[in-house]
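Working notes for the structure below.
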Amino acid sequence: MVDIFLICVIVVGFFLLAVIGLYLVVKYQHPDDKNDAYIPKLVVLLGFVLAGGTVFLLPLDVANNSNFAGCEGFNTAVCGGLNMVLFWDIIYWLIPAWVFILIPFCIFYYEADDGMLMAGTSVGAKPKSKLKEALCYESFVVVIFGLIFAMTYLFLNTTSIPVRDWTGPDFAAGPLYAITEVNNSTFSASQLQNMGDEDSAILNANTVNPELSTMELSINPATFYAGLMAWLGWFLFACFGGIGMAALPLDLILAFVNRPHHMDAVEFAEAQRSLRDRVNELVNVGELLKIEQEENAQKYEKMGWRERRKAMAEEKKTWIKFKQAVYLMEEDAEDFANCTANYRNYNPLIPIFSLLGGILALIISLCWVLQIILYMLPNPPVTPFLNEYFRWFETWFNLFGVLSVAIFSFYLLICAVKGCFKFGLRFLFFQVHPMKLNKTYMSSFLFNIGLVLLCALPVVQFSASAFQDYARYTTVNQTFNVQLYYLKFFGWFWRSKVFEYALLVILLLTCIYLGCKPKDTSGGKDSVSLRDRLRARVSG
């Protein structure tokens with residue numbers, strides 16, 4: 001029978017995820033998108049619920065199985081009664097559908113040019129269908145990833161699970177016991193007699209094969225694609241998660257250290273002049289970029305494929321550098337306003353909460369580092385560490401351990417988003433997509449939701465491995481730490497702990513780097529150097 005309490009937890013949990021997602025979309029959306037882009041907003045909202053629900057299912061799985069092996073089928077009386085296999089299968093199918101179908105389609109549709117801007121001024125210009133253009137691009141994505149999914153499942157869907165053979169005497173050779181029937185005709189373990197000498201003799205007669213054998217099985221498509229999505233997502237999570245685990249506590253603490261202070265007249269004049277100079281330089285850079293873009297449009301027609309690709313990559317890198325400089329200038333302008341015009345209205349509790357959040361984030365990051373070093377990497381583990389903490393916590397209240405799993409897992413997702421933003425802000429490999437109050441375009445929403453969904457299954461797998469003692473009877477543990485752990489090709493990465501080592505190394509390198517350069521700075525020197533390079537290219 002299904003536990004009514006767990007049903008209520010599911011309803012309340014998904015309702016809260018939907019409310020939080022709706023709040024983020026409404027409060028963070030750009031005014032230009034306020035009465036537009038309804039389909040992308042729905043995809044973002046449901047994607048947020050899906051990502052949160054994926055991580056939410058791990059503690060729910062723990063609560064449903066109640067640390068009892070019989071929950072998988074032969075005795076469910078003390079369990080939650082939820083069909084977690086069905087829950088996980090739904091998640092396994094929805095994540096690739098969102099990542100490779102809905103989100104790319106919404107990005108193509110949102111950023112498609114319908115041609116209306118030039119339809120009345122350009123000779124022969126005709127309006128284009130944004131839907132048709134988005135479907136055209138999306139068809140390529142579906143075909144490419146569809147072929148990848150089909151081919152990998154066709155050749156790599158075999159898992160070789162190690163087993164040990166036990167041989168024992170027939171049941172008829174054992175002793176017989178009488179069980180006294182109780183009034184309500186139910187059976188309980190207390191009705192069994194204690195084991196005697198005859199039982200011990202039967203157990204001692206068992207023989208164990210010292211050699212491990214393997215049992216090859218073909219896993220179902222849902223489980224396989226969960227492993228494939230987790231493997232793909234691990235490359236992002238190992239990088240961005242490691243960066244975020246170091247950057248998130250530091251940035252929260254720095255928000256308190258660099259909180260707004262009242263400026264005197266001299267400080268005000270110097271800061272105002274510095275911001276004005278940076279704004280003027282960035283305006284000049286923007287005008288030069290526009291001129292260069294118009295000139296390059298004509299040059300590209302005369303270039304070969306390789307030269308054109310190289311020139312377009314250089315142009316894209318310049319635009320990314322410009323956008324980063326603009327973002328950091330806007331951040332400094334906001335801090336300047338909080339120290340001057342908005343100083344009286346600034347909430348002094350914000351930096352205090354940032355400090356408390358930074359300390360809490362630092363503690364969780366340190367716990368994760370110790371869990372990796374002490375439990376996940378050594379074989380056998382030095383200590384269960386957090387697993388013991390969760391079990392001890394449950395002696396106070398059953399859900400304390402489950403809530404702790406949820407907190408530690410959701411923290412990893414937040415770190416992945418933070419790490420992606422931090423990496424994009426410091427290096428020029430891709431465009432920055434920050435989440436700013438009332439300043440976030442839908443393309444940034446879609447990018448971040450896609451990143452979170454790609455990292456959701458690696459987070460679940462990482463947490464299931466880190467808390468394997470605590471969550472040993474869960475359905476997801478049987479999936480990731482048994483079936484997928486020994487999967488052909490992909491399983492080698494998890495058995496060798498490649499991603500765990502990569503995450504730990506990236507985290508340590510990030511700590512060293514941020515220790516040397518803790519603050520994201522982009523003063524006038526970057527703007528001036530960018531302007532000078534553009535002027536040289538345009539004049540040349």
Side-chain angles (χ1 to χ4, degrees), residues 58 61-62 65 67-75 84-85 88-89 92 152-171 202-235 237-238 371-388 457-504:
L58 176 60
D61 201 349
V62 174
N65 287 279
N67 289 328
F68 182 60
C71 292
E72 286 299 319
F74 66 85
N75 188 352
M84 295 306 301
V85 175
W88 283 114
D89 283 348
Y92 297 156
T152 51
Y153 181 73
L154 183 63
F155 294 104
L156 302 174
N157 71 334
T158 303
T159 181
S160 300
I161 301 174
V163 294
R164 191 181 300 277
D165 297 327
W166 289 66
T167 304
D170 190 83
F171 279 108
I202 293 296
L203 292 176
N204 293 329
N206 293 333
T207 59
V208 182
N209 186 354
E211 299 291 334
L212 283 174
S213 59
T214 58
M215 179 174 58
E216 290 196 355
L217 299 172
S218 295
I219 60 177
N220 64 65
T223 303
F224 176 81
Y225 293 140
L228 179 59
M229 292 297 296
W231 183 77
L232 292 173
W234 257 112
F235 291 94
F237 176 65
Q371 185 70 10
I372 295 172
I373 295 175
L374 299 177
Y375 180 78
M376 299 184 71
L377 297 183
N379 187 20
V382 177
T383 174
F385 190 47
L386 289 177
N387 293 278
E388 290 291 342
L457 286 177
V459 165
V460 170
Q461 183 182 24
F462 184 69
S463 300
S465 299
F467 309 140
Q468 193 168 359
D469 283 1
Y470 178 74
R472 59 189 178 276
Y473 298 126
T474 58
T475 301
V476 72
N477 181 64
Q478 299 300 318
T479 298
F480 283 107
N481 293 324
V482 179
Q483 297 182 58
L484 297 177
Y485 191 75
Y486 299 102
L487 188 63
K488 184 186 295 185
F489 177 71
F490 303 107
W492 177 85
F493 290 87
W494 297 315
R495 292 193 301 274
S496 303
K497 304 186 185 302
V498 173
F499 296 119
E500 286 86 344
Y501 279 109
L503 185 144
L504 186 61

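Numbers here are sequence positions counted from 1.
A donor-acceptor distance shorter than 3.5 angstrom exists from the side chain of Gln371 to the backbone of Leu386, with no hydrogens or angles considered. Panel note: side chain Ser218, backbone Asn157; no donor-acceptor pair is recorded below 3.5 Å.
When every heavy atom of Leu58 is checked against every heavy atom of Ala464, the shortest pair comes out as CD2-N, 4.3 Å. Considering every non-hydrogen atom in both Tyr485 and Lys497, the closest pair reads OH-NZ, 4.3 Å. Smallest separation of non-hydrogen atoms from Asn477 and Ala471: CB-O, 3.4 Å. Across every non-hydrogen atom of Ile161 and Val482, the tightest pair is CD1-CG1, 3.9 Å. In terms of heavy atoms, Ala466 sits closest to Asn387 at O-ND2, 3.1 Å. Across all non-hydrogen atoms, the minimal contact from Ala226 to Phe480 is O-CE2, 4.4 Å.
Taking CZ of Phe490 as the start and CG of Leu484 as the end, the distance is 10.0 Å to the nearest 0.5 Å. Distance CG/Leu487 to CG/Leu217: 11.0 Å, rounded to 0.5 Å. To the nearest 0.5 Å, atom CD1 of residue Ile373 and atom CZ of residue Phe385 are 10.5 Å apart. In this structure, CG on Asp165 lies 9.0 Å from CG on Leu212, to the nearest 0.5 angstrom. Remark: Thr158 OG1 to Glu216 CD distance equals 6.0 Å, nearest 0.5 Å. Taken to the nearest 0.5 Å, the CD atom of Gln468 stands 9.0 Å off from the OG1 atom of Thr474.
Residues Asp469 and Tyr375 are in side-chain contact: their nearest non-hydrogen atoms beyond the backbone lie under 4.5 Å apart. Between Glu500 and Phe462 the shortest side-chain heavy-atom distance falls below 4.5 Å. You'll find the side chain of Thr214 stays beyond 4.5 Å of the side chain of Val163, heavy atoms only. Under the 4.5 Å side-chain criterion, counting only non-hydrogen atoms from C-beta, Ser160 is not in contact with Lys488. In this structure, the side chains of Tyr470 and Val62 come closer than 4.5 Å at one or more pairs of heavy atoms.
Aromatic rings of Tyr486 and Trp494 (six-membered ring for Trp) have centroids beyond the 6.0 Å cut-off, not under it.
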So Tyr153 and Phe224, ring pair (Phe, Tyr, Trp, His ring centres under 6.0 Å) or not? Walk me through it. CA-CA 7 Å; Tyr153 181 73; Phe224 176 81; 5.3 Å; yes
Might you work through the ring pair (Phe, Tyr, Trp, His ring centres under 6.0 Å) test for Phe493 and Trp234, ending with a clear yes or no? CA-CA 10 Å; Phe493 290 87; Trp234 257 112; over 10 Å; no
Evaluate the ring pair (Phe, Tyr, Trp, His ring centres under 6.0 Å) criterion for residues Phe235 and Phe499: first the C-alpha distance (whole Å), next the side-chain angles of each, then the deciding distance (0.1 Å), finally the verdict. CA-CA 8 Å; Phe235 291 94; Phe499 296 119; 5.2 Å; yes
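Of the residues Thr223, Val476, Thr479, the one that meets the side-chain contact (heavy atoms from CB on, under 4.5 Å) test with Trp88 is Val476. Under the ring pair (Phe, Tyr, Trp, His ring centres under 6.0 Å) test applied with Trp231, the options Trp492, Tyr225, Phe489 reduce to a single match, Phe489.
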